[in-house]
Amino acid sequence: MRGRPYDFAAIEARWRRAWDEQGIYRTPEPSSRPKQYVLDFFPYPSGAGLSVGHARNYVPTDVLARYFRMRGNAVLHPMGWDAFGLPAENEALLRGRHPGETTREYAANYRAQLSLLGCSYDWSREIATSDPAFYRWTQWGFLLLHRQGLAYRAAGWQWWCPKCQTILANEQVEAGRCWRHGDTPVERRSLEQWYVRTTAFADRLLRDLDDLDWPEHVKTMQRNWIGRAAGAEIRFPVAWGGGEITVFTTRPETLPAATFIALAPEHPRAVELASADRRDDVERFVMGALRRTEIDRMVGAGIARTANGGMADGGDARGIFTGAFAAHPTSGDLVPVYVADHVLAHYRTGAVMGVPACDERDAAFARRFGLPVGTGRPIGDPDGVLADVARRGAGGPAVRYRMRDWLISRQRYWGAPIPIVYCERCGTVPVPEDQLPVRLPEVARYEPSGDGRSPLAAIPEFVHTTCPQCAGPAERETDTLDGFADSNWYFLRFADIRYDTGPWHPEAAGYWLPVDWYIGGVEHAVMHLLYARFFTKVLQDAGLITFGEPFVRLRNQGSMLSPSDGARMSKSRGNVVTPDDVVAQHGADALRLAVMFIGPFDQDVTWDPDAARGAARFVRRLHVLIARAAEAAARPAPPATGEPPEAEALRRRLHHATKTAGELIEGFRFNVLVAELMTLLNDLELLESGRVGTPQWREAMLILARIIAPVTPFLAEEAWAMLGGEGSVHGSSWPKVDPALTAEGDAEATIVVQVDGRMRDRIVVAGTPDRDALIEAARGGERVRAALRGREVANVVVVPGRVVNFVTRARTS
RNA sequence: GCCGGGGUGGCGGAAUUGGCAGGCGCGCGGGACUCAAAAUCCCGUGGGCGAAAGCCCGUGUGGGUUCGACUCCCACCCCCGGCACCA
């Protein structure tokens with residue numbers, strides 16, 4: 001036949017419309033069928049739209065979802081929008097438009113782009129976190145935390161980003177700078193904030209990592225973040241002043257050599273302990289230290305690296321003597337108490353013992369302030385020292401975590417209002433659940449005020465309310481919830497987004513959850529995933545769900561770098577390649593192939609325009625092969641009759657392809673998957689002659705259409721239709737694999753013949769010949785005989801179905 | 001410094017986990033078609049020697065185990081990511 005060029009644009013558009021009309025990706029109702037919950041990290045829809053980098057995330061998950069559907073699983077594969085939060089608000093601010101409006105618009109664009117790619121989301125389950133029907137339940141979650149004693153309000157020194165005009169959580173501060181504004185050093189402010197007691201679950205969050213099927217480096221990052229350290233707390237009585245100072249150490253055995261105490265500037269007793277003559281100086285020092293960022297203090301102390309990677313010499317390590325002394329708990333010696341820049345307040349007790357003999361930093365500090373370094377080998381055994389300390393009632397073992405509680409309040413407009421009311425008479429009162437949601441009011445101005453309060457504080461109608469308890473006058477909390485409060489639990493909502501008597505439908509969630517496959521970028525390795533794990537454990541403890549981990553398997557796709565500058569694609573850099581352009585040029589199937597074939601799923605790769613061209617070539621060749629078969633099958637009298645040559649070979653080839661394709665999909669080896677499909681096509685082109693027009697060939701093509709269906713859904717559907725398949729190929733089942741046809745050995749096998757481990761020949765044998773026959777056959781080749789000439793065979797290694805190796809030595813006689 | 005991952009042709013990367021290194025694709029070279037170009041198709045493509053058959057070398061470096069090592073062990077070099085005051 002004279003093949004018309006493959007008109008991907010028309011064909012893809014036609015099937016896109018047909019699938020949409022038929023709703024073939026509608027999630028089935030819970031049943032006894034085994035389920036697969038395949039979930040992408042939900043994005044915040046930005047005005048920039050999707051880049052081909054996003055396709056590296058969404059296309060492979062789509063392949064996975066399609067594959068499982070064909071395998072007979074009930075599949076939940078939804079998409080939603082992380083619409084609340086700073087990124088969405090900053091974007092809207094930039095454009096001078098209401099974030100609700102831009103979010104809706106951008107989400108629609110995302111949806112269209114994802115459909116363009118052929119992603120099989122069930123759009124009837126779309127959610128947006130900024131929807132009151134959704135954030136009603138985010139607020140419910142906060143109240144649950146509050147009820148459990150896991151949400152509390154406290155004052156403290158907070159990170160403040162002058163650009164964002166808001167408080168940042170510790171983890172949003174990177175090297176002393178705002179995570180969104182790398183050029184902006186953060187400042188410190190003291191404010192009343194809401195916290196969530198994530199530290200209460202530190203141990204479980206750490207332990208439960210062991211059983212998760214997650215990338216090892218993500219687990220490592222979480223372990224680092226949680227930062228468990230076992231050690232001891234030791235109390236030093238304050239001489240004369242009364243009370244005591246508690247220090248934490250992971251090396252209690254060095255206690256005998258401790259020569260001073262150092263307090264954090266924030267330590268509550270830092271100033272109070274100072275002797276009268278030194279109090280002013282100490283106070284001045286403390287105030288100075290508080291104004292500086294932690295990183296700055298560390299750099300000065302020669303501990304952390306400076307911005308350019310250099311190390312300060314530590315010469316200006318700052319500290320000041322308070323004039324106070326404490327009694328060493330075991331020796332009774334008096335040791336001086338200092339306030340030191342480099343001691344951190346929130347790190348356990350905010351006080352350390354200085355052991356210059358064992359610790360470089362302490363040694364530097366001691367040198368600078370002329371403190372005794374202590375005697376040579378002070379190390380005792382930890383148990384002995386601890387026993388001694390315990391006997392004196394001066395402390396004992398303690399465990400500490402680096403992780404801090406989650407600061408959840410934001411002084412921003414675009415988030416779920418914290419459902420709390422402050423009443424003069426009743427104090428802090430949670431909004432009753434039946435009064436949720438506390439709606440975000442429409443405002444004219446939603447820019448942050450810059451005075452540390454959210455714009456909601458400027459809306460009297462919002463602020464002034466009545467106390468739910470006493471009905472007296474009261475004021476609403478005006479802070480909103482951090483966006484991670486939404487992504488904490490959204491995966492539960494997808495089980496049934498219309499359920500309105502609770503955050504999730506108990507039966508539906510019982511069926512679909514936990515998430516079987518969770519896929520997204522590694523940038524959320526700590527915060528989102530840790531908070532979601534935390535919240536899941538809270539729900540489990542409250543008896544609301546039965547599982548303790550939300551995401552059974554986690555996979556991170558690598559990012560897509562731009563060929564123009566080798567950097568990650570971003571609108572600000574102007575180096576974005578859009579999927580729209582690639583689809584227009586080569587088609588969606590080609591784009592899907594290209595983003596998968598370009599490199600291993602979890603690896604960073606550089607976009608290569610040639611990759612799409614190559615993929616398009618593959619699509620065309622597939623189409624030509626199938627179209628030829630379809631046309632031949634449609635002819636009234638098939639040219640060939642009877643069993644065609646080597647029917648077995650064709651059958652084997654397809655069964656093998658089916659088997660490997662399935663394994664590669666489940667193993668997330670999409671680049672190898674595409675390579676296998678290309679190899680399959682090459683082989684089929686070789687097998688084609690003499691078979692076209694036979695029923696067996698048509699059958700083979702129908703199997704081929706099903707194998708490629710997850711990967712190139714448009715072409716597969718077209719092929720299915722051309723070949724006269726029933727219904728949609730995406731409603732058909734994954735081809736059955738007959739183990740007998742994929743097993744090695746019972747047909748013919750190629751055996752490698754080696755002499756002294758060097759490949760010299762290969763022979764083809766049928767069935768499983770015995771050892772002697774194999775050796776005889778192996779010996780026959782000309783190359784083997786040449787290699788054996790003049791040598792004596794000392795041994796023959798035979799690996800059935802694989803290799804025959806003649807081990808020789810020089811002929812002695 | 002500690003932890004995790006990695007180093008294979010011109011390039012992206014494969015190799016059933018100890019058994020043919022370089023499958024698949026890109027690029028490149030040659031050819032066919034074309035007035036020509038693009039597209040498409042065919043052949044070739046790790047390095048060296050050789051007309052060829054073939055031989056030798058070759059998976060970051062050096063050693064080791066093994067009949068046989070990209071794969072396992074020891075030492076080292078380099079790259080990427082994470083952590084790094086955390087007492």
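All of these numbers come straight from a predicted model, not from anything done at the bench.
- Between A/His524 and A/His528, the angle of the ring planes goes over 60°, which puts this pair in the perpendicular group of the 30/60° scheme.
- Ring pair A/Phe670/A/Phe597: centre-to-centre distance not below 6.0 Å.
- In this structure, the nucleotide among B/rC55, B/rA87, B/rC3 sitting nearest to the side chain of A/Thr220 is B/rC3.
- The stretch residues 660-682 of chain A comes close to RNA chain B through A/Arg669, A/Asn671, A/Ala675, A/Met678, A/Thr679, A/Asn682, each having a heavy atom under 4.0 Å from the strand.
- A gap of 34 Å separates the P atoms of B/rG31 and B/rA14, to the nearest Å.
- When each of B/rA39, B/rC55, B/rC67 is scored by its nearest atom to the side-chain atoms of A/Val797, the top-ranked nucleotide is B/rC67.
- Closest to the A/Ala229 side chain, of the nucleotides B/rG19, B/rA87, B/rC55, is B/rA87.
- B/rG48 has its base anti relative to the sugar, with a glycosidic angle deviating from 0 by more than 90°.
- With a 6.0 Å cutoff to the six-membered ring centre and a 45° limit on the axis angle, A/Arg553 does not count as a cation-pi contact of A/Trp214.
- Side-chain rings of A/Phe321 and A/Phe369 stay apart, their centers remaining 6.0 Å or farther from each other.
- Positionally, the nearest nucleotide of RNA chain B for A/His217 lies more toward the 5' end than for the other of A/Glu685 and A/His217.
- The base of B/rC67 is paired with the side chain of A/Asn805 by a donor and an acceptor separated by under 3.5 Å.
- Checking B/rG82, B/rG19, B/rC26 against every side-chain atom of A/Arg802, the shortest atom distance belongs to B/rG19.
- Remark: A/Arg555 is positioned above the aromatic ring of A/Phe668, its terminal NZ or CZ atom under 6.0 angstrom from the ring centre and at most 45 degrees off the axis.
- In the set B/rC26, B/rG27, B/rC67, B/rC26 carries the atom at the smallest distance from any side-chain atom of A/Asp608.
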Could you go through the salt bridge (charged side-chain N to carboxylate O under 4.0 Å, His left out) check for A/Glu688 and A/Arg628 one step at a time? CA-CA 10 Å; A/Glu688 186 183 14; A/Arg628 201 154 44 212; 2.7 Å; yes
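- Because its glycosidic torsion is within 90° of 0, B/rU17 is reported here as syn.
- Side-chain N/O atoms of A/Arg617 include one lying less than 4.0 angstrom from OP1 or OP2 on B/rC26.
- At B/rC20, none of the side-chain N or O atoms of A/Arg760 fall inside 4.0 Å of OP1 or OP2 (strictly under the cut-off).
- Relative to the side chain of A/Met759, the nucleotides B/rC83, B/rC20, B/rA87 differ in distance, and B/rC20 lies closest.
- Taking atom C1' in both B/rU8 and B/rU59, the straight-line distance is 4 Å, to the nearest Å.
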Between A/Asp738 and A/Arg652, is the salt bridge (charged side-chain N to carboxylate O under 4.0 Å, His left out) condition met? List the steps. CA-CA 9 Å; A/Asp738 179 354; A/Arg652 273 181 176 283; over 6 Å; no
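- OP1 or OP2 of B/rC57 sits under 4.0 Å from a side-chain N or O of A/Arg758.
- Nucleotide B/rG12 holds its P atom 14 Å from the CG atom of A/Asp604, rounded to whole Å.
- No contact: A/Pro215 has no heavy atom under 4.0 Å from any strand.
- Within the 4.0 Å cut-off from OP1 or OP2 of B/rA39, at least one side-chain nitrogen or oxygen of A/Arg613 is found.
- The side chain of A/Phe597 has B/rC24 as its nearest neighbour among B/rA87, B/rC24, B/rC57.
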Using a 3.5 Å limit on both pairing distances, list the dot-bracket string of RNA chain B from the 5' end; Watson-Crick and G-U wobble pairs count, crossing pairs take [ ], interstrand pairs take |. (((((((..(((......[....)))((((((.......))))))((((....))))..(((((..]....))))))))))))....
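- Remark on RNA chain B: of its neighbouring residues A/Gly599 and A/Asn795, the 5'-side contact belongs to A/Gly599, judged by nearest-heavy-atom nucleotide.
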Applying salt bridge (charged side-chain N to carboxylate O under 4.0 Å, His left out) to A/Glu216 and A/Arg223, what does each step give before you reach the verdict? CA-CA 10 Å; A/Glu216 205 47 52; A/Arg223 289 193 187 104; 3.5 Å; yes
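- With a 6.0 Å radius and a threshold of 12 heavy atoms from other residues, nucleotides or ligands, A/Lys659 has its NZ atom at or below the threshold.
- In terms of phosphate contacts, A/Arg402 brings a side-chain nitrogen or oxygen within less than 4.0 Å of OP1 or OP2 of B/rA84.
- The shortest distance between the side-chain N/O atoms of A/Arg620 and the OP1/OP2 oxygens of B/rU40 is below 4.0 Å.
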Please output the side-chain donor-acceptor pairs of residues 671-682 of chain A that fall under 3.5 Å, not counting sequence neighbours, one pair per line with the distance.
residue  : atom : partner  : partner atom : Å
A/Thr679 : OG1  : A/Ala675 : O            : 2.8
A/Asn682 : OD1  : A/Arg621 : NH2          : 2.6

